[in-house]
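Heads up: the structure comes next, in structure tokens.
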Amino acid sequence: MALPSINPTSTKAWKKLEAHFKTVKSLEMKHLFTQDTERANQMTINWDDFYVDYSKNRITSETMSLLLELAEEVKLKEAIQAQFSGEIINKTEGREVLHTALRAKATDTIIVDGKNVMPEVIAVKQKIETFSNQVITGQLKGYTNKPFTDVVNIGIGGSDLGPAMVVESLQYYKNHLTTHFVSNVDGDHVNEVLKTLNPETTLFVIVSKTFTTQETLSNANTIRTWFLKQAKQEDVAKHFVAVSTNIEKVKDFGIDENNIFPMWNWVGGRFSLWSAVGLTISLSVGYKHFDSLLEGANKMDTHFKTADLDQNIPVVLALLSVWYNNFFKAESEAVIPYTQYLTQFATYLQQGIMESNGKSVDRNGVPVNYQTGTLIWGEPGTNSQHAFFQLIHQGTKLIPADFIGFAQSLYGNHDHQDKLMSNYFAQTEALLNGKTKEDVEAELKSQNASAEKIKELTPFKVFEGNKPTNTIFIKKLTPESLGKLIAMYEHKIFVQGIVWNIYSYDQFGVELGKQLANKILKEFDNSSFANHDASTLNLLELYKKLR
Ligand code: F6P
């Protein structure tokens, strides 16, 4: 079955939502809480070790019913079924979308082109496990017979962001290996990393689904040249491994066939950390933890596949995001984790969300007449409170935010954890309730401010409140809960793509800039530049003079 192709604005539910929006847009959430004492309980999904409270949103129970009606009308359930059963839902690239197979149970059967892919998936997982164990225990050694101390992941986009984010997030679970990530084609990036490394004890993991990506191949070549300053050609086999679908190109690079970890075309780059793209994760935290990450994601997959839509965490979060994006016309969303471990989480989500749903043509090939993908951004609390929270609290823009928090800290420092979490809870409460004129005046009065001063300062100190947040409250940051959290956002992306009637799994928008860069690169050595606009031409000439 192809994905249904329904313009959401043509549905009955959309029309009803437009009318309903007019009655809801100025409602104050704090009043909704006083009117309905059951609101918090009713608008919470308690699943496994996740407690997702979406009651601090500018919605009523009718809003949710209408959003769920919209999901039914755009045939979300059929789309979920189509994705999990391996239909070619990435139609523009002619591919299935089966990152969920990478974390499926060994006993599952997942058919691609008439063949069960699970035996291959399991075989690659076993290869990851064996290799990781051999490196971690020192059984595998470098060319001077020393155990490895460092691992460098060379990749970009989905071949970098996922592994980098997970390695950082699971730092607590890390072993003795030091991991590094080289992604940017900026030579200063690779040089900064290389200057800390000893070639005798460093393992390089080249990750590129296509093995044609300029950045990755340039970095891999530079690193190989650096390595060969000390080592011999035959030593490359001991220090370089690759993850790719393009086996021929990897062999051309000189990598031993045994050192190739295959992946599949039915795994999109930005959803690939569950495959051998996650090799650096497994090397860094051990295969057992890597497997728990996959198990967590599989649990979220089962939840997403089987829970009723109104109890389905990714579905509810996706529909709320549609509500703000398309009705309130919010432009961006913030993701604020209250743990320093998730420092790279928003950056990672940016690729998943913006590369997937940054589309303006629908599944019929027609320009959309509504907004699609949201901008996503964020930083851990409490740091972000001292950076951009001012704008969320008192700025002119509506910024729905996900607050992700964990009940338990990993080192068990209760004093810090209580301080951290008091901020976590306080911020969503402050965003909900704001601070009224009366409260500000009373506060200033209690500080003995003069009547004149009170009048002058009050407008600046009022918080209008009514700012929407979701509270995603999890017991503890573990490989398993992280797996669930990442998969939750993956499915949210999918649901939004279905509602917006766009293809979420291609990324043609990244091509044009790449093509032009290749053209310009060749022109640097020509005597003159051809066919550029006047502004670009000036800049190119200046660069040529100054470089
Ligand atoms: O940014 C575009 C993109 O194609 C991503 O989708 C992908 O994750 C990245 O480039 C890297 O591609 P590859 O793994 O083929 O090197």
Side-chain angles (χ1 to χ4, degrees), residues 89-99 102 124 128 152-167 180-186 189-190 204-224 240-253 255 259-281 344-359 373 375-376 486 489-490 493-494 497 502-518:
I89 62 165
N90 177 0
K91 193 169 158 236
T92 45
E93 294 182 334
R95 290 175 188 162
E96 304 79 4
V97 176
L98 278 175
H99 46 278
L102 302 166
V124 175
I128 297 172
V152 181
N153 189 91
I154 311 165
I156 195 163
S159 299
D160 164 73
L161 291 164
M165 179 277 288
V166 174
V167 166
H180 313 261
F181 290 84
V182 177
S183 51
N184 200 325
V185 76
D186 178 356
H189 186 189
V190 62
F204 298 98
V205 183
I206 310 174
V207 188
S208 178
K209 185 177 162 185
T210 55
F211 223 76
T212 56
T213 305
Q214 184 204 49
E215 292 89 338
T216 303
L217 291 186
S218 302
N219 284 325
N221 280 317
T222 299
I223 288 173
R224 186 178 49 186
F240 286 76
V241 301
V243 181
S244 186
T245 54
N246 197 339
I247 309 297
E248 284 317 305
K249 279 237 181 301
V250 178
K251 285 204 265 177
D252 289 349
F253 183 87
I255 288 184
N259 289 349
I260 304 176
F261 292 77
M263 60 183 294
W264 302 272
N265 271 330
W266 40 263
V267 182
R270 52 193 175 273
F271 301 96
S272 64
L273 69 88
W274 322 99
S275 70
V277 168
L279 182 60
T280 306
I281 304 172
Q344 294 185 42
F345 196 58
T347 312
Y348 161 76
L349 286 180
Q350 279 173 342
Q351 189 199 15
I353 293 173
M354 291 158 79
E355 201 165 87
S356 299
N357 287 338
K359 310 285 165 65
L375 305 170
I376 186 86
I486 301 169
Y489 279 104
E490 286 182 344
I493 293 167
F494 170 76
I502 53 178
Y503 286 116
S504 298
Y505 296 105
D506 60 24
Q507 56 284 317
F508 298 116
V510 301
E511 293 305 324
L512 180 60
K514 275 193 215 172
Q515 284 164 5
L516 272 179
N518 282 331

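First listed ligand is number 1; within each ligand, the first listed atom is number 1.
- Side-chain atoms of Arg224 come within 3.5 Å of backbone atoms of Phe253 as a donor-acceptor pair (strictly under, hydrogens ignored).
- Going from atom CZ of Phe345 over to atom OH of Tyr489 covers 6.0 Å, rounded to the nearest 0.5 Å.
- The side-chain heavy atoms of Phe181 and Gln344, taken from C-beta on, include no pair separated by under 4.5 Å.
- In summary, of the residues considered (Ile206, Ile247, Ile260, Asp252), a side chain to side chain contact (heavy atoms under 4.5 Å, CB included) with Phe211 occurs for Ile206 alone.
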Exercise. Could you walk me through whether Thr210 and Asn246 pass side chain to side chain donor-acceptor pair (under 3.5 Å), step by step?
Key: CA-CA 6 Å; Thr210 55; Asn246 197 339; over 6 Å; no
Show the short N or O contacts, below 3.5 Å, that ligand 1 makes with protein N or O atoms; if there are none, say 'none'.
from, atom 1, to, atom 2, distance (Å)
ligand 1, 1 (O), Glu355, OE2, 3.1
ligand 1, 6 (O), Glu355, OE1, 2.8
ligand 1, 8 (O), Gly158, N, 2.7
ligand 1, 8 (O), Gln351, NE2, 3.3
ligand 1, 14 (O), Ser159, OG, 2.7
ligand 1, 14 (O), Lys209, N, 2.8
ligand 1, 15 (O), Lys209, N, 3.4
ligand 1, 15 (O), Thr210, N, 2.9
ligand 1, 15 (O), Thr210, OG1, 2.6
ligand 1, 15 (O), Thr213, OG1, 3.4
ligand 1, 16 (O), Ser208, OG, 2.6
ligand 1, 16 (O), Thr213, OG1, 2.5

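- In this structure Ser218 satisfies the side chain to side chain contact (heavy atoms under 4.5 Å, CB included) test together with Val185, Gln214, sequence neighbours excluded.
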